[in-house]
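Basis for what follows: all heavy atoms, side chains included, without hydrogens, waters or symmetry-related copies.
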Amino acid sequence: MSDLRLAEIFCDGMVLQANKPIRLYGTGSGKIVVSFLNETKEYISDSDEWCFEISERQYGGPYSMELCIDGVKIIINNIMIGEVLLCAGQSNMELQLKETNTSKNLYDDDNLLRIYSAETVYNKESGINDRWVMASKQNLENWSALGYLIGRLYRQKYDCAVGIALCACGSSIIQSWINKKYYIGSKLELPIEQLHRNYKAEGGYWNEPGYLYDNALKKYMPYSFSAAVWYQGESNAGRIEGAIFSKLISMFCDSLRKDDKDEELPICIVQIADCFIKEFYIDETAWKMIQEEQKKAVETIKIACLVESRDICENDNIHPKTKTKLAERIFANLEKIK
């Protein structure tokens with residue numbers, strides 16, 4: 001039996017990024033033939049991982065794609081070509097609509113707004129994992145609030161299909177999201193005991209360096225995106241990590257672009273909101289260091305923007321419920337750097 005596999009993200013209902021190369025990828029060795037929009041291409045894999053490109057396309061759909069994977073025929077239906085956003089980070093990116101104060105008047109049935117959510121630690125029961133799901137009033141409560149609200153703004157502006165590629169995990173550190181080949185052995189690698197979230201002491205196995213890259217983010221590499229939104233930092237709010245956090249962000253952005261084969265990928269970094277209440281055991285000095293380091297990082301990263309949240313989000317909860325204004329600000333800033 002062939003070990004050749006197509007990545008899971010290539011399935012019914014997928015949204016492909018317009019005006020960028022369409023990359024097909026997967027694992028195993030063997031012969032792949034794809035036919036899509038009057039183009040047929042053949043590729044032979046002789047290694048554990050494979051990737052090849054077919055021509056970029058403009059907005060449109062629905063379409064079908066036919067593949068032959070080592071003699072096995074696969075047909076993918078209801079494919080749209082539009083705008084695809086990578087929305088990644090920790091709990092404030094993962095936070096579901098039902099956990100926010102978003103007005104239900106903004107909940108719309110929209111079969112051209114779709115989400116693909118990579119399964120992580122906390123979202124296993126969401127019902128929208130590892131498949132493309134269309135927005136409906138019945139399932140939206142389980143969507144990432146920011147993912148939905150940003151996607152909704154893209155739908156209004158561009159009048160095309162919009163795909164949200166969600167990859168978020170609460171209580172996660174940035175080192176877990178970086179490909180190990182860049183982090184391990186680098187000058188930024190810290191001993192486990194110096195991590196603010198010591199994954200061995202706290203049982204947060206997902207915070208082992210590279211774990212969330214290998215088990216979640218890698219599913220999207222190298223899918224083509226319009227832009228990436230990164231909202232993370234709370235779990236690195238210790239003084240040792242805080243002192244080097246801008247460099248860790250730069251390493252993450254560099255590694256993301258390399259692995260996604262897109263050195264010009266626009267990246268929006270959301271600055272964590274203020275939250276200094278005692279029950280969260282927050283080191284206010286370290287928290288402010290993270291905020292300053294996020295600002296510092298954007299000054300050195302090309303095609304990137306910083307979105308401040310402290311003035312439009314609550315400061316009495318580590319998970320601010322107001323996400324609508326934040327989504328509007330993220331969208332406006334992405335429009336400036338695209």
Side-chain angles (χ1 to χ4, degrees), residues 15 17 82-97 99-103 106-108 110 113-117 135 140 143-158 160 162-170 172 174 177 217 220 225-234 249 252-253 256-257 260 262 264-275 290-291 293-299 301-315 317-338:
V15 183
Q17 176 60 44
E83 296 291 321
V84 186
L85 295 165
L86 176 64
C87 294
Q90 58 179 110
S91 52
N92 273 302
M93 180 59 80
E94 189 176 40
L95 200 68
Q96 297 175 329
L97 271 168
E99 300 171 299
T100 71
N101 58 16
T102 304
S103 171
L106 299 182
Y107 287 31
D108 293 325
D110 187 349
L113 178 53
R114 305 174 181 186
I115 192 170
Y116 187 98
S117 179
L140 278 173
W143 280 46
S144 155
L146 276 178
Y148 173 69
L149 293 167
I150 297 168
R152 191 171 181 273
L153 292 168
Y154 267 82
R155 284 281 294 124
Q156 293 170 355
K157 173 69 182 288
Y158 292 100
C160 68
V162 174
I164 301 299
L166 180 67
C167 198
C169 180
S172 60
I174 196 169
W177 293 104
L217 187 57
Y220 297 117
F225 299 106
S226 171
V229 183
W230 176 247
Y231 192 173
Q232 187 278 338
E234 297 92 339
I249 295 172
F252 169 78
C253 292
L256 174 65
R257 285 169 168 162
D260 199 46
D262 188 352
E264 304 297 314
L265 178 69
I267 299 177
C268 174
I269 295 170
V270 183
Q271 189 180 49
I272 60 175
D274 290 341
C275 181
I290 293 294
Q291 292 174 323
E293 288 286 297
Q294 289 174 317
K295 181 179 180 181
K296 181 180 175 182
V298 171
E299 294 172 355
I301 300 170
K302 65 178 183 179
I303 322 175
C305 62
L306 180 78
V307 169
E308 294 185 8
S309 62
R310 57 163 60 93
D311 60 322
I312 53 175
C313 290
E314 297 85 353
N315 62 9
N317 195 323
I318 201 167
H319 302 124
K321 293 186 176 182
T322 298
K323 295 293 192 250
T324 307
K325 291 181 180 179
L326 183 57
E328 291 171 353
R329 186 171 286 182
I330 291 169
F331 174 75
N333 277 270
L334 281 173
E335 288 294 285
K336 293 177 183 178
I337 64 170
K338 282 177 60 180

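For Arg257, there are no salt bridge (charged side-chain N to carboxylate O under 4.0 Å, His left out) partners, not counting sequence neighbours. Phe252 pairs by the ring-ring contact (aromatic ring centres under 6.0 Å, His included) definition with Trp230, not counting sequence neighbours.
Remark: side-chain polar atoms of Glu314 are paired, donor with acceptor, to backbone N or O of Thr322 under 3.5 angstrom. Remark: side-chain polar atoms of Glu99 are not paired, donor with acceptor, to backbone N or O of Lys321 under 3.5 angstrom. Put simply, the side chain of Ser117 never gets that close to the backbone of Leu166: no donor and acceptor are under 3.5 Å apart. With Gln271 contributing its side chain and Arg310 its backbone, the two residues share no donor-acceptor pair below 3.5 Å. Of the possible polar contacts, one joining the Gln294 side chain to the Gln232 backbone as a donor-acceptor pair under 3.5 Å is found. Proximity of a side-chain donor or acceptor of Tyr107 to a complementary backbone N or O of Ala135 within less than 3.5 Å is not detected. Judged purely by atom type and a 3.5 angstrom limit, Arg155 uses its side chain to pair as donor or acceptor with the backbone of Cys160. Panel note: side chain Gln90, backbone Glu234; a donor-acceptor pair is recorded below 3.5 Å.
Between Lys295 and Glu308, none of the side-chain N atoms (NZ, or NE/NH1/NH2) sits under 4.0 Å from a carboxylate O, so this pair counts as no salt bridge.
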query = Taking it one step at a time, do Gln291 and Asp274 satisfy side chain to side chain contact (heavy atoms under 4.5 Å, CB included)?
reply = CA-CA 9 Å; Gln291 292 174 323; Asp274 290 341; 2.8 Å; yes
task = With side chain to side chain contact (heavy atoms under 4.5 Å, CB included) as the test, would you mind laying out the steps for Tyr220 and Asp260 before giving the verdict?
result = CA-CA 8 Å; Tyr220 297 117; Asp260 199 46; 5.8 Å; no
request  = Could you go through the side chain to side chain contact (heavy atoms under 4.5 Å, CB included) check for Gln17 and Asp262 one step at a time?
outcome  = CA-CA 13 Å; Gln17 176 60 44; Asp262 188 352; over 6 Å; no
ask   = Which is it for Leu106 and Thr324 under the side chain to side chain contact (heavy atoms under 4.5 Å, CB included) test, yes or no, and what are the steps along the way?
value = CA-CA 10 Å; Leu106 299 182; Thr324 307; 4.1 Å; yes
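Shortest non-hydrogen contact noted between Ala304 and Val298 is O-CG1, 3.9 Å. Nearest heavy-atom pair across Pro266 and Ser226 is CD-O, 3.3 Å. Scanning both residues, Ala228 and Leu334, for their nearest heavy atoms gives O-CD2, 4.5 Å. The two residues Gly82 and Val15 come nearest to each other via the heavy atoms N-CG1, 4.0 Å. Here the closest heavy-atom approach between residue Val307 and residue Cys268 is recorded as CG2-SG, 3.5 Å. Across every non-hydrogen atom of Cys305 and Asn333, the tightest pair is SG-CB, 3.7 Å.
Note that SG of Cys169 is 6.0 Å distant from CH2 of Trp177, once rounded to the nearest 0.5 Å. A distance of 7.0 Å separates CD1 of Ile150 from OG of Ser144, quoted to the nearest 0.5 Å. To the nearest 0.5 Å, the span separating OH on Tyr231 from CD1 on Ile269 amounts to 13.5 Å. Residue Lys325 holds its NZ atom at 9.0 Å from CG of Asp311, rounded to the nearest 0.5 Å. Residue Leu306 holds its CG atom at 10.0 Å from CZ of Arg329, rounded to the nearest 0.5 Å. Here CG of Asp110 is found 7.0 Å from OH of Tyr148. Values are rounded to the nearest 0.5 Å.
Within the 4.5 Å cutoff, the side chain of Ile330 has heavy atoms near those of the Leu146 side chain. With a 4.5 Å cut-off on side-chain heavy atoms, Pro320 and Leu326 do not count as touching.
The only option from Thr102, Asn101, Asn92 that meets the side-chain hydrogen bond (donor to acceptor under 3.5 Å, both in side chains) definition with Lys323 turns out to be Asn92. Between Leu86 and the choices Ile267, Leu217, Leu265, the side chain to side chain contact (heavy atoms under 4.5 Å, CB included) rule is met once, by Leu217.
Atom NZ of Lys338 sits in a crowded spot, with more than 12 heavy atoms from other residues, nucleotides or ligands closer than 6.0 Å. Around the NZ atom of Lys302, the shell of radius 6.0 Å holds more than 12 heavy atoms that belong to other residues, nucleotides or ligands.
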